[in-house]
Structure formats: structure tokens, C-alpha cells
Amino acid sequence: MSAAPPHAAAPAPGNAVGHGAGDAAGPLLLTGGSGRLGRELRALLPDALAPTRAELDVTDVVSVRAAFARLGPAVVVHAAAFTDVPAAERERAACWRVNVLGTRHVADACAEVGALLVHVSTDYVFWGDTDPERAARGGYRESDPTGPVRNAYALSKLAAEDEARRAPRHLIVRTSFRPRAWPYATGFTDVRTSQAYVDEIAPELALLARHAAELVDAGVRVLHVAGPPTTVFELARRRKPDVAPATKAEAGVALPDDVVLDSGMWRSWRARLAPRR
Ligand SMILES: NC(=O)c1ccc[n+]([C@@H]2O[C@H](COP(=O)([O-])OP(=O)(O)OC[C@H]3O[C@@H](n4cnc5c(N)ncnc54)[C@H](OP(=O)(O)O)[C@@H]3O)[C@@H](O)[C@H]2O)c1
């Protein structure tokens, strides 16, 4: 980590988010607030502004600009995305429009109003082959090269990371999560992952969002926030003990073998950040 130790920012009043020294405060804006992650974040960040898609359609630059001008965010957590991996194969243009163009609009709007962008990305930006050396050191690090990718959704999220970098103050957070309850009858035994359940990841991301300015001011631009290494099957078994084993060949879409993320950098930051509720 090239970053200096984090400092404790003063709590900000109302729905304002504490910024780094010398910066103005303003509200936290959440895109994708009706989604799996977004709903959890709204509960954890009750002061966040979470416009609906009708109020802020990320594919529509006019809608994005108008919402940003009206709401004046200091920090934007961009969780809106096209996330249906199999559907993305069939609807590539729609997926690209939401994930890539949408992120460009959000990043440019952040630049216009001086907001910090926390961009929610994914472990799928990595190829995810089986690599014993990488597994032994704990998985993909922030500095590891991304790509090539396995599917259309992953490609759009990889391109979206580049769009997010258009915001001068940005933090790309690669994560992976499942809904609170395992939704399938089966779980893959041949996919290694650091996925966790959304109610386990969301508190981490909420803490990160509150401290995003400290992280960015310290030079952090990419962070991995995930759970411990496991298989998809073992993850499923934690919440659905009768889940049946299956293999990724049954997914109907190309998936990686091992996309475990090393979250060590986040863990060392987290240990020094006092949770603020
Ligand atoms: N779920 C995972 O396994 C996973 C893993 C790694 C990373 N991620 C990333 O985490 C983030 C959140 O994922 P999620 O699983 O919570 O997603 P989700 O449940 O599919 O929700 C997607 C959200 O995006 C909104 N959205 C879609 N198109 C939009 C548009 N044109 N304008 C504005 N909002 C739009 C949806 O609004 P509507 O309700 O109006 O449709 C919804 O609120 C995404 O960036 C995703 O790529 C997810």
C-alpha cells in the first residue's frame, strides 16, 4: 500500500459526508439503490440520497446531469448496473449502455460537480484461471493486471473501470456478493471465489463509503473488498445446508475457475477506521 495512515475525519452533520481536509461537505448519492446491494446500503447509510431510475437514468446524460445539479453530491456510490450475466450475452448492447456509457455519464457528472466517485466493480474483471502460486499468496491483488475476461458482463465491467477513472477523485471497489439467501438448488464445486453474502459485504462498503475521501486523499484508487476464499458450493452450504453440488459447465455461460480477491489492503485500512453509524 502506498498510502499514508488514514486519519479520523470529523463526523459530518445531517446527510453530509465528511470530505478530506479543505473540501466541502455534501450528501452521499447512491445509484442502484433499488438493487440487492443498494437496498442494504440504504439501510446502512440512511442519509444517502437514492434516486430511482426514473429520477436518474445512468444511460441518459441529461438525466444524470440534472440529478447531480439538483442533489449536489460530495460522494457518489455507483452501484447501478446491468448485472444479469447470462442475459448480458444476449443483450450486449443494453449491458454496455448501462455499465460502460452509464459509468461514463456518472464519472463525468462527478467531475463537473467535484464529487468523489466510489465505483462498484467486480472480481470478474480478472481472467480467473487456476494458479497455485496466486492462490498461495491469497488471490488477486489490486496491482494485478485485469483481463482477459470470460463473458460480456465482465467485459462491460472492465471497460466501466476505465470510464470511472474519468472522475478525478475516484475509488474503484472490486467486490462480489450473493443475495442474503442462497437462491439456487445447486452450487458449483469447481469455482473458487471470495464472494460473501450481501449482508456481509454491504457493511464493509458502507464503512468504505464513509471514509472514501480519506482513502482517495491517501492515494488509494482500487480496493478489493471480499470474503475469505471458498468454493461457490461451500459458500452456498453456509446458508442452504441441503444445496446440491454442481459444476460450472451447467451455468450456460463461461465462468472463471478462481477469482479469489486478496482483500488484505482493505483489511489493513479497516482495522484503523472507526466504524461510524
Ligand atoms: N451481484 C453480484 O454478484 C455482484 C458481484 C460483483 C459486483 N457486483 C456489482 O455490484 C453492483 C450492484 O449489483 P447488484 O447485484 O446489487 O445489482 P442489481 O440487484 O441487479 O441492481 C441493479 C441496480 O441498477 C439499477 N439500474 C439498472 N439500470 C439502470 C439505469 N439505466 N439507470 C439507473 N439505474 C439502473 C437497477 O434499478 P431498477 O430497480 O430500476 O432496475 C438496480 O437498482 C453492480 O455494479 C454490480 O456489477 C455485483
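Bear in mind that the values here come from a model prediction, so they are computed numbers and not experimental data. Whatever order the structure lists ligands and atoms in, that order sets their numbers, starting from 1. No hydrogens, no waters, no symmetry mates; every other heavy atom, side chains included, goes into these values.
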Ligand 1 N/O within reach of Ser121 N/O, cut-off under 3.5 Å: no
Measure from atom 29 (C) of ligand 1 to every heavy atom in His119, Arg53, Glu55, Arg39 and give the option owning the shortest one. Arg53
Are Phe68 and His105 an aromatic pair, judged by ring center distance below 6.0 Å? no
Could you establish whether Val120 and ligand 1 come within less than 4.0 Å of each other, counting only heavy atoms on the residue side? yes
Heavy-atom side-chain contact between Leu171 and Leu208 under 4.5 Å: yes
Options Gln195, Arg174, Arg178, Lys157, ranked by nearest heavy atom to atom 45 (O) of ligand 1, top entry: Lys157
Near Val98, which atoms of ligand 1 are under 4.0 Å from a heavy atom of that residue? 28 (N)
Would you say Ala80 has any N or O atom under 3.5 Å from an N or O of ligand 1, going by distance alone? no
NZ/NE/NH1/NH2 to OD/OE distance under 4.0 Å, Arg134 and Asp144: no
For a salt bridge (Lys or Arg N to Asp or Glu O under 4.0 Å) check, start with the C-alpha distance between Asp257 and Arg150, then their side-chain angles and the critical distance, and finish with the verdict. CA-CA 10 Å; Asp257 304 307; Arg150 301 276 182 164; 3.7 Å; yes
Identify, for atom 39 (O) of ligand 1, the protein heavy atom at the shortest distance, and state residue, atom and that distance. Ser34 OG, 2.5 Å
Measure the shortest side-chain to side-chain distance between Phe233 and Phe188 over non-hydrogen atoms and say whether it is less than 4.5 angstrom. no
Report the part of Asp57 in contact with ligand 1, treating N, CA, C, O as backbone and CB onward as side chain, heavy atoms under 4.0 Å; options are side chain, backbone, both, neither. both
Ion pair Arg39/Asp199, N-O distance below 4.0 Å: no
Contact atoms of ligand 1, heavy-atom distance to Thr59 under 4.0 Å: 31 (N)
To the nearest 0.5 Å, atom CG of Leu215 lies from atom CZ of Arg169 at 10.5 Å
Quick check against the 3.5 Å criterion: does Lys240 have a side-chain atom that pairs as donor or acceptor with the backbone of Trp182? no
Could you say whether the N/O atoms of Ser176 and ligand 1 ever approach to under 3.5 Å? no
Just distances here: any N/O of His78 and N/O of ligand 1 closer than 3.5 Å? no
Please check if any side-chain donor atom of Asp123 sits under 3.5 Å from a side-chain acceptor atom of Ser176, or the reverse. yes
Numbering the atoms of ligand 1 from 1, which are under 4.0 Å from a heavy atom of Thr175? 6 (C), 7 (C)
Glu200 and salt bridge (Lys or Arg N to Asp or Glu O under 4.0 Å): which single residue from Arg239, Arg180, Arg178 fits? Arg239
Shortest protein contact, atom 19 (O) of ligand 1 (heavy atom only): Arg36 N, 2.9 Å
On a heavy-atom basis, I'd like to know which of Gly35, Pro51, Ala81 is closest to atom 24 (O) of ligand 1. Ala81
Distance, nearest 0.5 Å, that separates CG of Leu101 from OG of Ser156: 12.0 Å
Distance-only side-chain donor-acceptor flag, Thr230 / Arg238, under 3.5 Å: no
for atom 33 (C) of ligand 1, nearest protein heavy atom and its distance come out as Leu56 O, 3.3 Å
Numbered atoms of ligand 1 (with element) below 4.0 Å of Ala79, judged on heavy atoms: 11 (C), 12 (C), 44 (C), 45 (O)
Hydrogens and angles aside, do His224 and Arg174 bring a side-chain donor and acceptor to less than 3.5 Å of each other? yes
Would one find an N or O of Phe177, backbone or side chain, under 3.5 Å from an N or O of ligand 1? yes
Suppose we measure from atom 23 (C) of ligand 1 to each protein heavy atom; which comes out shortest, and what is that distance? Gly32 CA, 3.8 Å
Asp57 side chain to Ser63 side chain, donor-acceptor N/O pair below 3.5 angstrom: no
At under 4.0 Å between heavy atoms, which part of Leu37 makes contact with ligand 1: side chain, backbone, both or neither? both
Applying a strict 4.0 Å limit to heavy atoms, is Ala54 in contact with ligand 1? no
Is it true that Phe82 lies under 4.0 Å from ligand 1, counting heavy atoms only? no
Is any side-chain heavy atom of Tyr184 less than 4.5 Å from a side-chain heavy atom of Val243? no
Is the shortest distance from a heavy atom of Gly102 to ligand 1 less than 4.0 Å? no
Given that the side chain starts at C-beta and the backbone is N, CA, C, O, which of these parts of Thr52 lies under 4.0 Å from ligand 1, counting heavy atoms, or is it both or neither? neither
Pairs of nitrogen or oxygen atoms closer than 3.5 Å, one from Thr122 and one from ligand 1: do any exist? no
For atom 17 (O) of ligand 1, what is the closest protein heavy atom, and at what distance to 0.1 Å? Thr83 CG2, 3.4 Å
What's the shortest distance from atom 32 (N) of ligand 1 to any protein heavy atom, and which residue and atom give it? Val58 N, 3.0 Å
